[in-house]
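Report on one structure; see the data block that follows.
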Amino acid sequence: MRYVFGNWKMNGTLAFAEEYVNKLLGEVRPASVQVALFPPFTALSSFQYLVKDSFLKFGAQNMYYEDSGAFTGEVSPVMLKEIGVDYVLIGHSERRHIFLENDEMLMKKVEAAHRHDIPVVFCVGETLEERRTGATKDVLKRQLILVQDILSTGDIVAYEPVWAIGTGVTPTMDEIRESISWVKELLKADLPVLYGGSVNKGNAVDISEVSGVDGVLVGGASLKVEEFAIIIKAFDQNI
Ligand code: 13P
């Protein structure tokens, strides 16, 4: 099984979601790829109806680790469970860097998701400075150290180098293979590992052929339904 996941980030109204999902369901019928979308919270609850009885799965981009309480602006695992999410993204680089979520907080989020049986897509990745100074392996190790024992069957890890996100620049295929294989070495369980960072219709086939890559987490290109469909087909063909 391979995975093509689309993270819409802070994009996509409810109207956009309805039109997009209807088009996507008409456009692709993947045989060997699991497809999931991660829309913003306002559109998320409608996904339980939009994707009903289809191959399409859906997840949240973030979550807090308490079940309820005085945490203005946050959404809890209980709320996500209620709408039937298939996944929650934890530790996306934008959460780490813009919203200053640290490794300890992310571990609590993984534990909270597990308490409610929500599979996690746990994101890791080095900055450009870290790559330039040869610290990539150490950074990935540090980001995984608190969760490597608790990530388990059903969970997924996404390797997303920060410098490749939204930049149009991707690592070489060798660099992707090396980092993914290092992440797999660090994990205790045998989990799928996805690549993320400027994946598009032009590089999807090449990335799908890199050994060890179990799929992709797509940002910008997942907002264009035709392009996302092409990426899904690229992974569906290259099994
Ligand atoms: P882009 O595909 O826009 O580079 O974003 C990748 C990403 O952050 C997916 O989570």
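Because the structure is a prediction, the values reported are computed rather than measured. For ligands, and for the atoms within them, numbers begin at 1 and follow the listed sequence.
In summary, the atoms of ligand 1 found under 4.0 Å from a heavy atom of Leu217, numbered by their order in the structure, are 9 (C), 10 (O). Shown in contact with Ser198 at under 4.0 Å from a heavy atom are these atoms of ligand 1, numbered in order with element: 1 (P), 2 (O), 4 (O). Counting the atoms of ligand 1 from 1 in the order shown, those under 4.0 Å from a heavy atom of Gly197 are 4 (O), 6 (C). Applying the 4.0 Å criterion to heavy atoms of Lys9 picks out, from ligand 1, the atoms 5 (O), 6 (C), 7 (C), 8 (O). Under a 4.0 Å criterion applied to the non-hydrogen atoms of Asn7, ligand 1 contributes the atoms 9 (C), 10 (O). Every atom of ligand 1 with a heavy atom of Ala164 under 4.0 Å away is listed here by number and element: 4 (O).
In this pair, Tyr20 and Phe228 present their aromatic rings tilted. The plane angle is within the 30 to 60° band. Between Phe47 and Trp8, the ring planes lie perpendicular to each other; the angle is over 60°, past the 30° to 60° tilted range.
The protein heavy atom nearest to atom 2 (O) of ligand 1 is Gly219 N, 2.8 Å. Nearest protein neighbour of atom 3 (O) of ligand 1, counting heavy atoms only, is Gly220 N, 2.8 Å. Of the protein's non-hydrogen atoms, Glu160 OE2, 3.1 Å is the one closest to atom 7 (C) of ligand 1.
Considering every non-hydrogen atom in both Leu217 and Leu194, the closest pair reads N-CB, 4.3 Å.
The distance criterion of under 3.5 Å between nitrogen or oxygen atoms is met by Gly166 with respect to ligand 1. Here's the thing with Val218: none of its N/O atoms is less than 3.5 angstrom from an N/O atom of ligand 1. By the 3.5 Å distance cut-off applied to N or O atoms, Thr167 is not counted among the residues near ligand 1. Any N or O atom pair closer than 3.5 Å counts here, and Ile165 shares no such pair with ligand 1.
The shortest distance between side-chain heavy atoms of His116 and Asp67 falls below 4.5 Å. Looking at Val121 and Tyr3, their side chains never come closer than 4.5 Å, going by heavy atoms from C-beta outward.
A salt bridge is absent between Asp138 and Lys141: the closest approach of a Lys/Arg side-chain nitrogen to an acidic carboxylate oxygen does not fall below 4.0 angstrom. Taking a cutoff of 4.0 Å between a charged side-chain nitrogen and a carboxylate oxygen, Arg96 and Asp103 qualify as a salt bridge.
Tyr65 meets the ring pair (Phe, Tyr, Trp, His ring centres under 6.0 Å) test with no other residue; sequence neighbours excluded. Considering only residues two or more places apart in sequence or on other chains, Lys224 meets the salt bridge (charged side-chain N to carboxylate O under 4.0 Å, His left out) condition with Glu227.
Contact between Ser222 and ligand 1 is absent, with no heavy atom of the residue lying under 4.0 Å from the ligand. A heavy-atom separation below 4.0 Å is not found between Gly196 and ligand 1.
Taken from NZ in Lys23 to CD in Glu226, the straight-line distance is 5.0 Å, to the nearest 0.5 Å.
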